[in-house]
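Each remark here refers to the structure printed beneath this line.
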Amino acid sequence: MIDNLNKAYESFKEEISDLAVMPDVLNLKSTYLGKKGKISEILKSLKDATPEQRKEIGPVANKIKNDIQDIIAKKLSEIELKEINEKLAKNKIDITYTDSLKASNQKHGGLHPRTLIRQEIEDIFLSMGFEVLDGPHIETEYYNFEALNIPGDHPARDMQDTFWFKDEKSEEGNKHLLRTHTSTIQVRGMQSRKPPFRFIAPGTVFRCERTDASHEMVFQQLEGMMVGKDISVANLIYFMRQTLKEIFKKDVKVRLRPGYFPFVEPGFELDIECQVCKGKGCSVCKQVGWVELLPCGMVHPNVLRAGGIDPDEYNGFAFGLGLDRLVMMKYGIEDIRHLQSGDLRFNSQFKEY
Ligand code: PHE
């Protein structure tokens, strides 16, 4: 019997060496190892053997079965690998970016300068432990005004010419508008967190006003807020200076003036020297040599309350960076309307991807 087993093993090895596709190998497997396969047939006569013979045949039969299984597994993986390699060779695509694009002579796009600056500022604030938040463009009167300490009859509402929606049915406070500033995210952000926290919120804002070299109807701001215990004006000034230094990669001349915003007390206007004319006076800075860039201040207690925060325990600062002005200062652009123009001659001057 051992002889027969060895013979069967030898003929198996011979047969398998000629095979090249998976189904043939699987067939061969069942020819030898299947229930009615050659090996099983040989082992059927085991029942007539003496116990001593069985002891001798058993291990040999097992070894041969295992060897056959190993050889089959090896063969199958060889075939699989070969098939994959053949497929790869057939379907070869040149995925190298430059070669395929250059070949078709395509130009690739770039990021808008405002996006470039926004990403840069986000990175600066992320590295100082700030979160980046988002908020809706269509807002309620409540988040745009009331929650920010600007009640219906407050004269400060005139400071922001507003695009209102015609939803006559909604009650006072719930009327809808296009947000006039990103300060809407102050109260939204406070409501969903517990102090201490710090976040920024960049986004588009809308004002119904006449456009000129330094005013647009649609522009971008970047709101910032930090709330905690014992936060001071000194903290505010430190963060603002640090940010401007990182953006301009140099010390720019700044000045701080008192500024009035109902949602901060005290409030400031942080101006920087006009980088378009280097302080000499031009259409961007309205001939004064300075540009209002960073209104800011200590958060008013009423605003903290609207955000669900106890003003006796916590305080904080907030600022609203004008992103378009910043782009103009950084790149020396003399008219804000270029930013929104969609003119490729303008857009393509900035960094490509
Ligand atoms: N929201 C104000 C504006 O749009 C700017 C501002 C933000 C002022 C935060 C103070 C604090 O003019």
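Nothing here was measured: the structure is a model prediction, and the numbers come from that model. We count ligands from 1, going down the list as the structure has it; atoms in each ligand are counted the same way.
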Centroid separation under 6.0 Å, is that true for the rings of F319 and F263? no
With rounding to the nearest 0.5 Å, note down the distance linking CZ in F12 to OG1 in T31. 9.5 Å
Looking at E41, I'd like to know if its CD atom is crowded, meaning that more than 12 non-hydrogen atoms belonging to other residues, nucleotides or ligands lie closer than 6.0 Å. yes
Counting from 1 in the order shown, the ligand 1 atoms closer than 4.0 Å to a non-hydrogen atom of S183 are 1 (N), 7 (C)
Distance to 0.1 Å, residue and atom name: give those for the protein heavy atom nearest to atom 5 (C) of ligand 1. P295 CG, 3.6 Å
Value for CG (D212) from CD1 (I336), rounded to nearest 0.5 Å, stands at 8.5 Å
Mark up the atoms of ligand 1 that fall under 4.0 Å of a heavy atom belonging to G320, in ascending order. 7 (C), 9 (C)
Flag Q221 as yes when one of its N or O atoms lies below 3.5 Å from any N or O atom of ligand 1, and as no otherwise. yes
I want to know whether H338 and F346 have ring centres closer than 6.0 Å. yes
Going by the order shown, which atoms of ligand 1 are within less than 4.0 Å of some heavy atom of F263? 1 (N), 2 (C), 6 (C), 7 (C), 8 (C), 9 (C), 10 (C), 11 (C)
Pairing of D67 and K63 as salt bridge, 4.0 angstrom limit: yes
Ring-ring centroid check F197 F130, cutoff 6.0 Å: no
Closer than 4.0 angstrom: is that true for some heavy atom of A318 and an atom of ligand 1? yes
Please indicate whether any nitrogen or oxygen in R207 is less than 3.5 Å from any nitrogen or oxygen in ligand 1. yes
With a cut-off of 4.0 Å, which atoms of ligand 1 are near a heavy atom of Q186? 9 (C)
Counting heavy atoms only, which of F261, F219, Y260 comes nearest to atom 12 (O) of ligand 1? F261
